[in-house]
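See structure below.
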Protein chains: 2
Amino acid sequence: MTQNDLDSIIKALSNPARRDILAWLKSPEIEFPEQCSNYEHGVCVGQIFEKAGLSQSTVSSHLANLQRAGLVSSKRQGQWVYYQRNEECIAEFADYLKQTL
Amino acid sequence: MTQNDLDSIIKALSNPARRDILAWLKSPEIEFPEQCSNYEHGVCVGQIFEKAGLSQSTVSSHLANLQRAGLVSSKRQGQWVYYQRNEECIAEFADYLKQTL
DNA sequence: TTTGCATATCGAGATATATCGATATAAGTT
DNA sequence: AACTTATATCGATATATCTCGATATGCAAA
């Protein structure tokens, strides 16, 4: 974990909307019951948008931010783009912080 | 740990200068060998200021920020104010994050 | 009480972040 | 091809953060 990785992750987490999104993605079935498709690759942007109470562009921007930090990954399926947590990165970050903070 | 606590802690940690200071305070004897007094209550502002490469007022502001977040505590001894890590708060935060992130 | 040192606070300017609406892109539908 | 839906990008504005120098405050020494 480089200082740059750490920096982008902490900055990503420093925004409450992004923390909310990351938390919601822990339980997609519970947090996004409206979604028609399965949760194999996570939750699509529209679902998150509806729940977030922010504009579509803002939500998209937050998701891009989380992805740049490595905290989530995305997969396009037709018109939709699904986002899911990158548990490996998240765990590594939490461990690193517990170790070094 | 309330959402407010979490928010102020993460925001405090989102700045690299503040992360540096917090890291330095882990090993005062090594990082601040210049300090004349003992490290009982931590390190005084002037020492941190000299190491940080930032203005005195900026360093003071960063320390106040860390303290508001609960990550450090301060004790005045005569003219000097000593800052030290609040290990309890730091550990609680790291655990909370590992649990809930 | 005046002077000097250590730290905190204030006000201003610069940079970063959050947010939105408008629009572009990508894919599916008719 | 034209139209609709889903998402991303762009440009603008508002707010927050970082940083500084100047100054205030707290304390100690002369």
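Letters A, B, ... are given to chains in the order of the sequence lines, protein chains preceding strands, and every chain is numbered from 1.
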Contact under 4.0 Å: [X] side-chain N or O vs [N] OP1/OP2:
| X | N | result |
| --- | --- | --- |
| B:Arg18 | D:dC18 | yes |
| A:His62 | C:dT19 | yes |
| A:Ser60 | D:dA8 | yes |
| B:Asn15 | D:dC18 | yes |
| B:Tyr83 | C:dA6 | no |
| A:Ser57 | D:dA8 | no |

Nearest whole Å is fine: how far is [N] [atom2] from [X] [atom1]?
| X | N | atom1 | atom2 | value |
| --- | --- | --- | --- | --- |
| A:Arg68 | C:dA18 | CZ | P | 10 Å |
| A:Arg76 | D:dT5 | CZ | P | 16 Å |
| A:Glu50 | D:dA6 | CD | P | 9 Å |
| B:Trp80 | C:dA6 | CH2 | P | 7 Å |
| B:Gln77 | D:dG26 | CD | C1' | 14 Å |
| A:Leu66 | C:dT17 | CG | P | 14 Å |
| A:Ile48 | D:dA8 | CD1 | C1' | 14 Å |
| B:Gln67 | C:dA8 | CD | C1' | 12 Å |

What's the closest nucleotide to the [X] side chain, out of [options]?
| X | options | answer |
| --- | --- | --- |
| A:Val81 | C:dC20, D:dA6, D:dA8 | D:dA8 |
| A:Val45 | C:dG28, D:dC27, D:dA8 | D:dA8 |
| A:Thr58 | D:dT5, C:dC20, D:dG26 | C:dC20 |

Report task. Scan A:Leu54 against the nucleic acid and name what it touches under 4.0 Å (heavy atoms): base, sugar-phosphate only, or nothing. Result -> sugar-phosphate
Query raised in the report: Within the structure shown, what part of the strands sits under 4.0 Å from B:Tyr82 by heavy-atom distance: base, sugar-phosphate, or nothing?
Result: nothing
**Report entry** Pairwise 5' ranking along DNA chain C for A:Gly53 and A:Lys11, keeping only the more 5' one
**Finding:** A:Lys11
Query - Hydrophobic cluster membership, A:Met1 vs A:Ile90, 4.5 Å side-chain cutoff - result: yes
Query raised in the report: Any donor-acceptor pair under 3.5 Å joining the side chain of B:Gln56 to the base of C:dA6?
Result: no
Query raised in the report: Below 3.5 Å, does any donor atom in the side chain of A:Ser55 face an acceptor in the base of C:dG21, or the other way round?
Result: no
Query raised in the report: Side chains of B:Thr58 and B:Ser55: donor-acceptor distance under 3.5 Å anywhere?
Result: yes
Query raised in the report: Hey, is the main chain of A:Ile21 close enough, under 3.5 Å, to the side chain of A:Arg19 for a donor-acceptor pair?
Result: no
Requested in this report: Would you check if A:Phe32 and A:Leu25 make a side-chain contact, meaning some heavy-atom pair closer than 4.5 Å?
Outcome: yes
**Report entry** Residue from A:Leu63, A:Asn86, A:Asn65, A:Leu22 passing side-chain contact (heavy atoms from CB on, under 4.5 Å) with A:Leu71
**Finding:** A:Leu22
Query raised in the report: Would B:Lys51 and B:Asp20 pass as an ion pair if we require N to O under 4.0 Å?
Result: no
